[in-house]
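This report refers to the structure that appears directly beneath it.
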Amino acid sequence: MSSTTEWTRFLTSLEKRGIRFDQVQLATNRQEVIRAAGITDALSIAVIETEWQRNVLNHCAGDGNGFAASATNPSGIRTVRKSSSSLNANSLAPLSSQIVTPAAASLSGLPALDEPSQLSKLPEELQDTVIAAEVLTSAVGLGGLFMQYTPDAASAGGGFSVSSLVPPSMRHLCETVLPVADAFVALRCIEKAEYESRSLVLMALGEVVSEINTSYAHQISKLQLWSEGRPMPLMGVVSEVLRVGHHIVRLRQVLPMDLIQTALADAAAPTASSSASSGLVGPRILNHLCDQVNKFSGSREDHELLMLLLRRTLVPYLRMLHRWMHTGVLDDPYEEFFISEVYRPARPAPTAANHLQQRHVGQFFLDALVPSMTSCGGGYGGLSDGVGSGNGGGNSGSSVAAGTQGRYGTSRRTAAQQDVAAFDRRFSLNKSLIPVFLNSPSKMAKMIFFAGKYCCLLREYGAPLPAFGGAAGEGAGSADGSSLLTWSGADQLQRQVQESFEVASGAVIQLLFAPSIDLLGHLRSLKLYFLQERGDWVVDFLDSADSLLVEYPDRVKAHSMQVLLQAAIARSCASDPYHDLIGCTFAGCTLEELLQEQHRQRDSGRETVRIEEGGIGLLPTRRSTGGGNNNDGVGGEVDAHRSLELLQLEADLQWPLTLVLDAKVLQRLNVIFRLLIWVKTCERRLCELWYTNEILGEFSAAYGLKHQFVQFLRQFQFYAAHFVLEPLWSRLIARIGQTDSVFAISQALTEFFDGVETGLVLSSTQRFRSLAHILELTERFCEVGMHSSTATMPLIEATLHSVEDQFLRALSELASPVGPDYPQLVPLLTWIDFSRFYDQNNVYHVQHSSSSNCGASTRNE
């Protein structure tokens, strides 16, 4: 088969289709062109392709434009070059035999010329054509003889330079396109982020930059094919390159090039430090683009370019946000989202059977959490004390031992702790990764965090996920809330996040109020025991456990105390469906010590935390063998605390109830419970006084003092029940019944406890110190004369006068008409002084005006 025959056949076939060979000679896919001409035989295709290559090489050797090919190709872009028929091949033949690029020399076999000084010998119009061709190649990142590219200079901000051999009249025009050429080369490096980076955000940015570069290169190729047979003059080429490449230069200026290049270098050669900071790349890029959008909002072109970058770059981030908020699944392979999953439990495939059998989801997390639970324990609130409200703090190892004193034993209690800790600590929020558009308002990030946790709760519990986006509104684009995937501005995103959070929170509210969870029923049960709504079980328990409560905790068997408590509750509150969830344990410090630490932390501006057992020794003690004054520390070694002083309740609440009834709620309930128990036991001892202390009956002053103590304690209990606890509890239940979010339930509980602590003087350091002093004096009064003889009778009488003086002084301090809690104490102070005894003796005066600033008068000594 003759190659000439096949070649002629190919050219004839092209002519029949109205195509000349010079129009397709630079085609990149030659075989497709040959097949399109009707030649499908493999051998014929190979022969024609070989002849095609030979003709192209001969054309490059004889064309005057051949020397304008690229010397180096930093960008890797292949450009289409159109030969100029206006150039005289014969006149350029001597020049082209010397001035050729290495690439052309390798094709044609001509020697390359290192010193292209022959350019000055060409006519001016031909110089213009040659330089114009070089400008066009440099515009797509290809260096030449006159528009030279130095790779080492790229890091310094400009890789292209104009050769000194370019005529001075053309050099300035050439220099104007250098920023475009440099920007294109720099952006070509950014394109690698699309497939080489370790950030979804950076990948999306690399993708959009690649598309912009491709569009720009396509427009440059149109300039190279400006018109058949006529080259574009240099001035026209420069003008068009500047017009087309303006946004390329602007793009390089607005992008964080250093950050991107560092991220790409770290991805190519990862180190320990780079891996730790890789998650910051995505948020930093988003923050930078948001700042640039706000900065250049006045320029329409810049704003459109930046909005294009921001919208496209946000696509993967909004996809992560959408999936987290609407399904509770964290899909973040490079850890650039501001929410991270601490534990990734391996759980079995969910079935309908285990959904019906499980009351909570803790079994999903047991294996993952067993090693970490040694740091969780109980100091306050029993079995739920191993967890906080999502902060992930742990207690000392000694607290674990205290926590195992519950009814269910070590294994059951540990499993319950793991259930709660798994959900509370499974996810964490990293504030350093929150993008700027999610920082305003500040609660926006928290709404995203909790919306995802709520969906995770619903999914793991077996409840159906809610339908997002169904509400009417601007952000409700579809039933699945897919409008969240499209960036429409920070305000619109805020509305969409708010809607999704409310939907997720509402679904959790319905779950909590469902009969299977019964939040309101558990609240009523907690009120029975912690707030002592039913006092008969308290009296029954104190009667049966009296011999144990006066002992030290290390001498009391925990099981015995639990049995007596459950027996008393069962006899009085058997109708309560949750009475078997209540147990008891011993705290690590007294109520006064706990409140002192809380007030100290509050006054110093720190958040109140639970006191660990290991730190109790640093707190001032309440009582000493020296008796008398509070915290004086004089007269001997400190007494050990009795079980009664450390007694507190625990509740075996399971997840997801602990979402709102967490350890902090149980701790604050225990503070109220311990105060009421303290007051009640003091009243009981006073009522039994004449049966246990016959000596005091011989002193007339003891009768009056006992009456004053009993009147104070009984009126305080009545005031606490009917003027503090019951009104605030009714308001709490009403608010919870109308709430539409979990936050609102937590806020209602917080306001309830704040009101109770204000009404029961637990929030005031000075008033509680006075109340505690009165309660201590009742105990001291009951103990006066217990070990007496005839010789100690004058001492007992002096002690009674001292106790009375201290009681009146403490009552005067308690009734001081200052502070925001005084108006609520007016009914209590009025009832105590029902006969105006204290007013007439100038102990205290009830100030019925809340604006009064005068202090209470103290008793004249």
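Since the structure is predicted, the reported quantities are computational estimates derived from the model, not experimental observations.
Rounding to the nearest 0.5 Å gives a distance of 10.0 Å between CE of M447 and OG of S500. Between atom CG of residue L649 and atom SG of residue C584 there is a gap of 7.0 Å, rounded to the nearest 0.5 Å. Interatomic distance, NZ of K557 versus CD of E551, reported as 13.0 Å (0.5 Å rounding). Interatomic distance, CD of E341 versus CD of E335, reported as 11.0 Å (0.5 Å rounding). Atom NE2 in H322 sits 15.5 Å away from atom OH in Y317 (nearest 0.5 Å). One finds the CE atom of M325 at 12.5 Å from the CZ atom of F449 (value rounded to the nearest 0.5 Å).
Counting only heavy atoms from C-beta outward, the side chains of R555 and S643 never approach each other to under 4.5 Å. The closest side-chain heavy-atom distance from L493 to L321 is below 4.5 Å. P656 has its side chain within reach of I517: a pair of non-hydrogen atoms, C-beta onward, lies under 4.5 Å apart. Residues Y454 and L659 are in side-chain contact: their nearest non-hydrogen atoms beyond the backbone lie under 4.5 Å apart. Between L429 and I434, the closest side-chain pair of non-hydrogen atoms falls below 4.5 Å. Annotation: side chain of V665 is in contact with side chain of F753 (closest heavy-atom distance under 4.5 Å). In this structure the side chain of F530 never reaches within 4.5 angstrom of the side chain of I672, judged on heavy atoms. Contact check for V679 versus L771: no side-chain heavy atoms found under the 4.5 Å cut-off.
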Item to check | Stepwise ring-ring contact (aromatic ring centres under 6.0 Å, His included) test for F338 and W324 | outcome: CA-CA 11 Å; F338 65 91; W324 166 252; 8.8 Å; no
Next on the checklist: What verdict does the side-chain contact (heavy atoms from CB on, under 4.5 Å) test give for I677 and Q648, after you've listed the backbone C-alpha separation in whole Å, the side-chain angles of each residue and the deciding distance to 0.1 Å?
Outcome noted: CA-CA 9 Å; I677 282 291; Q648 64 180 9; over 6 Å; no
Item to check | Stepwise side-chain hydrogen bond (donor to acceptor under 3.5 Å, both in side chains) check, Q747 with E751 | outcome: CA-CA 6 Å; Q747 182 64 28; E751 293 181 3; 3.1 Å; yes
Next on the checklist: Apply side-chain hydrogen bond (donor to acceptor under 3.5 Å, both in side chains) to residues Q566 and Q562 and explain how you reach the verdict.
Outcome noted: CA-CA 6 Å; Q566 274 299 308; Q562 294 280 7; 5.8 Å; no
Checklist entry - Are L549 and V556 close enough, and set up right, to give a side-chain contact (heavy atoms from CB on, under 4.5 Å), and what steps lead you there? => result CA-CA 8 Å; L549 293 174; V556 177; over 6 Å; no
Checklist entry - So L548 and M561, side-chain contact (heavy atoms from CB on, under 4.5 Å) or not? Walk me through it. => result CA-CA 8 Å; L548 296 178; M561 190 70 70; 3.8 Å; yes
Next on the checklist: As a quick check of understanding, evaluate side-chain contact (heavy atoms from CB on, under 4.5 Å) for E592 and Q596, giving each step before the final call.
Outcome noted: CA-CA 6 Å; E592 187 174 1; Q596 285 176 359; 3.6 Å; yes
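Smallest separation of non-hydrogen atoms from R674 and L646: NH2-CA, 3.9 Å. Of all non-hydrogen atoms in A463 and L511, the two that sit nearest each other are CB-CD1, 4.4 Å. A pairwise comparison of heavy atoms in D740 and I509 identifies C-CG1, 4.1 Å as the closest pair. The shortest heavy-atom contact between L531 and L676 is O-CD1, 3.8 Å. Scanning all heavy atoms of the two residues, the minimum distance from F768 to V761 falls at CB-O, 3.2 Å. Across P466 and A504, no two heavy atoms sit closer than the pair CG-CA, 4.3 Å.
Residues Q498 and E502 have side chains that bring a donor and an acceptor to within less than 3.5 angstrom of each other. No side-chain donor from either of S525 and H579 sits under 3.5 Å from a side-chain acceptor of the other. In this structure, a donor-acceptor pair under 3.5 Å is absent between the side chains of D821 and T758.
In this structure a side-chain-to-backbone donor-acceptor pair under 3.5 Å is present from R459 to T327. Looking only at distances, no side-chain donor or acceptor of H326 sits under 3.5 Å from a matching main-chain atom of C455. Side-chain N or O atoms of D332 include one that pairs as donor or acceptor with a backbone N or O of F337 at under 3.5 Å. Judged by distance alone, with hydrogens and angles left aside, the side-chain atoms of T590 form a donor-acceptor pair with the main-chain N or O of E593 at under 3.5 Å. Side-chain atoms of Y719 come within 3.5 Å of backbone atoms of G759 as a donor-acceptor pair (strictly under, hydrogens ignored).
Between E757 and R668 there is a salt bridge, with a side-chain nitrogen of the basic residue lying less than 4.0 Å from a carboxylate oxygen of the acidic one. Checked for salt-bridge contact, E460 and K453 miss the test: no charged N lies under 4.0 Å from a carboxylate O. A salt bridge is absent between E683 and K680: the closest approach of a Lys/Arg side-chain nitrogen to an acidic carboxylate oxygen does not fall below 4.0 angstrom. Between R534 and D536 a salt bridge is recorded (basic side-chain N to carboxylate O distance below 4.0 Å). Ion pairing between R684 and D543 holds under the 4.0 Å rule for side-chain N and carboxylate O.
The ring-ring contact (aromatic ring centres under 6.0 Å, His included) analysis of residues 532-551, with sequence neighbours excluded, yields the pairs Y529-W537. Pairs of residues two or more places apart, or lying in two chains, never qualify as salt bridge (Lys or Arg N to Asp or Glu O under 4.0 Å) while including a residue from residues 504-516.
Evaluated for a side chain to side chain contact (heavy atoms under 4.5 Å, CB included) with I569, the options I582, L528, V538 yield exactly one hit, I582.
For F673 and W678, the distance between ring centers is not under 6.0 angstrom. If you look at F743 and F450, their ring centroids are closer than 6.0 Å.
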Let me check something: any side-chain donor-acceptor pairs from residues 720-729 under 3.5 Å, sequence neighbours excluded? List them with distances.
{"from": "E726", "atom 1": "OE1", "to": "K527", "atom 2": "NZ", "distance (Å)": "3.0"}
{"from": "E726", "atom 1": "OE2", "to": "K527", "atom 2": "NZ", "distance (Å)": "3.0"}

